[in-house]
Amino acid sequence: MDPKRSDSSASSSDDLEQARRLTRALRGGSAPAASEAQPGYVRFAAPRPATPPPPPPPVPTAAAAPPVPPAPAAPRQLQKAPEGFGSAGWNKLLGECLAVSGAESAFVMDPQGLVVACQGARSAVELEAVGSRLMLALEQADAIEGGPSGLSVSLESEKGTLWGARLSQEGGPLLLGLFVPAGLAPDRQRALFAVLARAGASGPVTSR
């Protein structure tokens, strides 16, 4: 038997058998064997949603700053000027005022606008002009209130704070004036009033 012929006959038989099966399937005959069926679609499982990352830990907030207490108001009383003070007494008082307030200059002016005593970097002539402005500011405050009521006044400028307070005495109030380049902080203002209260012969008296 010729091998080539046998292979050719086997191939032809297989082709014929496959053609018959396809014809029967098209005519409604038996379906092709399972082994001959075309492969179906491959199903893949739907991907699961990714698990979201955990939220970041909360950032600690800074502790709230404690409320700032309001600045204490100036005493509602007129400070009394020392009695029987000479130049040495005024110089001592002004030196204490400079020390507790951080002022550059300090002075005392009488009701006529003359400087009684002064200490610091500014001359008496300069301080008389400054004191006149402080007196005018206090007089304007009196006019607003309808009578003598101004106890102290503070004027702010780019160069610092100009501060003045009335000191009660017979014959009219004196004016204590300070020029504070860094400004008059509340704690220094309290210390300043304490110095004036100690210097008064009988302490502060009620203003009228």
Side-chain angles (χ1 to χ4, degrees), residues 64-142 144-145 148-169 171-207:
V68 179
R76 299 293 92 189
Q77 293 175 318
L78 185 65
Q79 302 294 314
K80 187 175 181 180
E83 296 180 359
F85 252 32
S87 58
W90 281 119
N91 287 334
K92 180 176 182 297
L93 176 61
L94 293 180
E96 291 180 359
C97 291
L98 289 173
V100 300
S101 66
E104 175 191 272
S105 299
F107 64 94
V108 177
M109 181 177 283
D110 66 13
Q112 287 71 42
L114 299 177
V115 173
V116 175
C118 64
Q119 281 194 20
R122 296 175 182 262
S123 67
V125 175
E126 289 178 298
L127 295 176
E128 282 184 0
V130 169
S132 298
R133 292 184 176 88
L134 288 175
M135 282 187 167
L136 179 60
L138 287 168
E139 290 172 1
Q140 290 175 341
D142 293 343
I144 293 173
E145 295 293 333
S149 62
L151 306 179
S152 65
V153 64
S154 179
L155 304 177
E156 304 295 330
S157 70
E158 294 181 354
K159 295 181 178 180
T161 299
L162 182 61
W163 184 86
R166 281 172 170 161
L167 304 179
S168 174
Q169 69 157 10
L174 298 175
L175 174 69
L176 171 71
L178 299 173
F179 179 71
V180 191
L184 190 59
D187 57 335
R188 291 189 171 187
Q189 185 171 346
R190 288 196 302 270
L192 182 60
F193 276 116
V195 169
L196 296 178
R198 289 195 301 268
S202 57
V205 297
T206 304
S207 61

To the nearest 0.5 Å, what is the distance between [atom1] on [X] and [atom2] on [Y]?
X      : Y      : atom1 : atom2 : answer
Ser154 : Leu162 : OG    : CG    : 8.0 Å
Leu114 : Leu127 : CG    : CG    : 13.0 Å
Leu184 : Glu156 : CG    : CD    : 8.5 Å
Gln140 : Asp142 : CD    : CG    : 10.0 Å
Leu192 : Glu96  : CG    : CD    : 10.5 Å
Leu155 : Thr161 : CG    : OG1   : 9.0 Å

Residue pair Leu174 / Pro111, side-chain heavy-atom distance below 4.5 Å: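 Leu174 vs Pro111: side chains touch.
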Could you tell me if the side chain of Val130 sits less than 4.5 Å from the side chain of Phe179, heavy atoms only? no
For Phe107, which of Leu134, Leu176, Leu178 qualifies under side chain to side chain contact (heavy atoms under 4.5 Å, CB included)? Leu134
Where is the tightest heavy-atom contact between [X] and [Y], given as atom of each residue plus distance?
X      : Y      : answer
Cys97  : Leu196 : SG-CD2, 4.2 Å
Ala121 : Ser105 : N-OG, 3.2 Å
Val180 : Gly102 : CG1-O, 3.8 Å
Leu93  : Ala199 : CD1-CB, 3.7 Å

Does Asn91 offer a backbone N or O that forms a donor-acceptor pair with the side chain of Gln119 under 3.5 Å? yes
Using modelled atom types and a 3.5 Å cut-off, is there a donor and acceptor pairing between side-chain atoms of Ser101 and backbone atoms of Arg188?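 No, because the side chain of Ser101 does not come within donor-acceptor range (under 3.5 Å) of the backbone of Arg188.
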Return each pair, listed once, that meets salt bridge (charged side-chain N to carboxylate O under 4.0 Å, His left out) where at least one residue sits in residues 124-140; pairs must be two or more places apart or across chains.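 Output for this query is empty, none listed.
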